[in-house]
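Everything on this sheet refers to the single structure shown next.
Throughout, a chain's letter reflects where its sequence line sits, starting with A, and its residues are numbered from 1.
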2 protein chains.
Amino acid sequence: MPLDWTDLQHFVALAREGTLSAAARTLGVDHVTVARRVAALEQATRLKLVDRRARAYALTDDGRRLVQAAGPMEQAAFAIERSVVASRPGLGGEVLVSAPPTLANRLIAPRLVELRRQHPAIAIKLIGEKRIASLNRREADIALRLSRPKEQGLIARKVGRFGFSLYGAPDYLKETPQHELGFIAYDSSMDTAPQQQWLKMIAGPRPIVFQSSDLESQAAAARSGLGLAALPDFLGQSDPGLVRLDSGGGNISREIWLVVHRDLRRTPLVRAVMGFLIGCVASA
Amino acid sequence: MPLDWTDLQHFVALAREGTLSAAARTLGVDHVTVARRVAALEQATRLKLVDRRARAYALTDDGRRLVQAAGPMEQAAFAIERSVVASRPGLGGEVLVSAPPTLANRLIAPRLVELRRQHPAIAIKLIGEKRIASLNRREADIALRLSRPKEQGLIARKVGRFGFSLYGAPDYLKETPQHELGFIAYDSSMDTAPQQQWLKMIAGPRPIVFQSSDLESQAAAARSGLGLAALPDFLGQSDPGLVRLDSGGGNISREIWLVVHRDLRRTPLVRAVMGFLIGCVASA
DNA sequence: AGCGGCATGTGCGAAAACTCACAATGATTG
DNA sequence: CAATCATTGTGAGTTTTCGCACATGCCGCT
């Protein structure tokens with residue numbers, strides 16, 4: 001009798017995520033279940049697949065071979081999930097949308113009511129995470145990204161652009177001389193982002209007084225008079241507690257890319273949501 | 001959360017086998033389980049995948065699409081099973097061998113004891129069926145066939161040849177004039193087999209007095225004096241109750257092919273069994 | 001060095017899945 | 001046309017599987 005495919009599924013998830021807990025999260029089960037199913041697979045194959053180490057599991061040679069053989073199976077499983085979504089008739093069902101947090105909160109979320117009015121049966125699940133969701137693994141059906149993705153099988157389309165400017169509280173700007181201005185930046189994990197490098201260039205020798213991974217926090221800090229933050233114009237312009245400062249040092253802008261998997265691009269449901277998203281970012 | 005792979009496995013089995021019962025047999029579960037898992041898959045995908053008809057299930061359009069998408073997944077699963085077998089270390093474990101019934105009974109089974117003496121840890125599961133087992137689906141690890149297979153990924157090697165001759169009981173041959181001889185043949189499902197066509201050519205207008213799908217039955221009938229049967233020489237020669245008749249009309253012989261999947265050909269365990277099988281048929 | 005976060009292992013209770021046995025239905029065959 | 005075979009459907013009982021809660025252990029940070 002054949003191997004249990006669920007055992008394989010759990011094992012592949014463990015191999016990809018590295019830990020029982022992470023694998024359990026992606027599978028929507030308890031970590032104990034993952035451990036049990038992997039043990040079951042080891043017994044069914046009579047192979048030792050993992051070394052139980054303290055903090056994380058390590059695959060044995062046999063385990064690596066099995067994962068390699070199982071890679072195509074997982075890809076096929078993802079293709080099936082996409083096929084299921086693509087088969088959904090009409091304009092009803094759940095669509096997973098991934099977008100950078102600020103885009104999600106400021107441009108999309110406020111206008112979801114419009115979509116719901118037009119297509120009451122569409123339920124959007126909006127994932128506002130900085131981590132780029134994998135469309136291949138169907139962590140999302142549609143994604144908004146700030147750069148063109150390079151992955152296989154994905155269709156990307158430039159749908160908008162927005163500029164960054166320096167924003168601060170009006171009182172702060174009035175009271176503070178140019179050379180004493182403080183700056184608000186991303187944390188160092190974003191050092192490679194263009195807007196971060198642009199901000200640091202503008203700041204020059206002047207101090208960075210606050211770092212946050214979250215743009216909303218930076219905006220709030222700027223609003224309270226802590227310093228200047230590089231914010232998207234769609235965020236800064238609409239905030240009555242902030243004014244735009246002409247930085248003098250040129251401006252920077254980023255593109256917005258709409259990304260969808262090839263398998264889903266013709267699905268009515270997905271197309272409807274894509275149209276809605278384009279409307280959201282066109283105004284930026 | 002992702003689809004349950006076991007649901008997919010059961011659905012694919014149902015689609016391939018056509019009935020709940022047959023799918024349940026290949027999966028080693030009860031037919032109720034297959035029905036329940038397919039229902040679960042329908043609920044998870046929110047698609048109607050099968051039409052419950054009286055005698056057998058019929059796939060809907062969505063079901064067919066899903067099966068098509070799942071085909072690669074099943075292929076990958078079979079590849080994994082082969083990979084598991086190929087990973088087995090040393091000369092121990094179970095090997096599934098498929099061979100035509102007579103070859104299995106007469107050439108292989110009597111010599112299994114030799115293999116067991118040489119490699120005590122090898123357990124052979126010998127499947128003596130006329131139906132050709134699929135090596136791709138891992139219904140068998142090694143197969144002996146009477147013709148070269150055309151399937152992808154399989155390695156075939158000619159390992160022997162055996163001739164057919166007419167055999168009958170000595171008394172029957174002495175007492176019966178040539179033109180009154182009766183013949184013993186396969187049933188009509190084997191009409192395309194060369195030995196069957198050869199027998200009918202020899203028989204000419206003379207009657208076929210008995211048909212059986214089983215060579216052993218034909219031999220037994222011939223032994224009892226019912227008529228002449230076309231038997232492999234390795235079978236007829238070793239039977240003291242039968243004598244070979246020079247048919248005059250030329251002879252016929254069939255090749256024996258040893259077939260193994262490419263993924264398994266280098267596995268020590270499989271190689272050992274292959275060597276044993278070659279030894280079995282070389283004497284034919 | 002102490003502490004917080006994250007990961008794994010264990011025991012138990014609850015829930016779900018599976019098997020078994022039997023009934024019903026429809027197709028095929030003599 | 002009856003009978004038989006194979007399949008699907010239903011209900012009951014039992015096994016198994018799963019999730020929760022807690023304990024333990026390791027790493028990184030202060």
Does a side-chain N or O of [X] approach OP1 or OP2 of [N] to a distance below 4.0 Å, or not?
X	N	value
B/Arg25	D/dA6	no
A/Arg36	D/dG19	no
B/Thr19	D/dA6	no

Nearest-neighbour nucleotide for the [X] side chain, [options] considered:
X	options	result
A/Arg52	D/dG19, D/dT7, C/dG9	C/dG9
B/Ser21	D/dT8, D/dG9, C/dT8	D/dT8
A/Arg37	C/dA7, D/dG9, D/dC18	D/dC18

Distance check needed: [N] [atom2] versus [X] [atom1], whole Å only.
X	N	atom1	atom2	value
B/Tyr57	C/dA27	OH	P	16 Å
A/Leu20	D/dG19	CG	C1'	15 Å
B/His10	D/dT8	NE2	C1'	17 Å
A/Glu17	C/dA7	CD	C1'	14 Å
B/Asp7	C/dA16	CG	C1'	13 Å
B/Leu27	C/dT19	CG	C1'	15 Å
A/Asp4	C/dA17	CG	C1'	13 Å
B/Asp30	D/dG13	CG	P	17 Å

### Task
Can you spot which of B/Leu41, B/Leu14, B/Leu59 makes a side chain to side chain contact (heavy atoms under 4.5 Å, CB included) with B/Leu49?
B/Leu41
### Query
For A/His31 and C/dT8, are the ring centres under 5.5 Å apart with planes inclined under 30°?
yes
### Query
Taking it one step at a time, do A/Gln211 and A/Asp187 satisfy side-chain hydrogen bond (donor to acceptor under 3.5 Å, both in side chains)?
CA-CA 5 Å; A/Gln211 296 187 359; A/Asp187 62 54; over 6 Å; no
### Query
Across the strands shown, which category fits B/Val32 at heavy-atom distances under 4.0 angstrom: base, sugar-phosphate, nothing?
base
### Query
Of all heavy-atom pairs between B/Val209 and B/Leu226, which one has the smallest distance, and what is that distance?
CG2-O, 3.7 Å
### Query
Checking B/Asp141 side chain against B/Leu96 main chain: does a donor-acceptor pair fall under 3.5 Å?
yes
### Task
Working to the nearest 0.5 Å, report the span between CG of A/Leu215 and OH of A/Tyr186.
3.0 Å
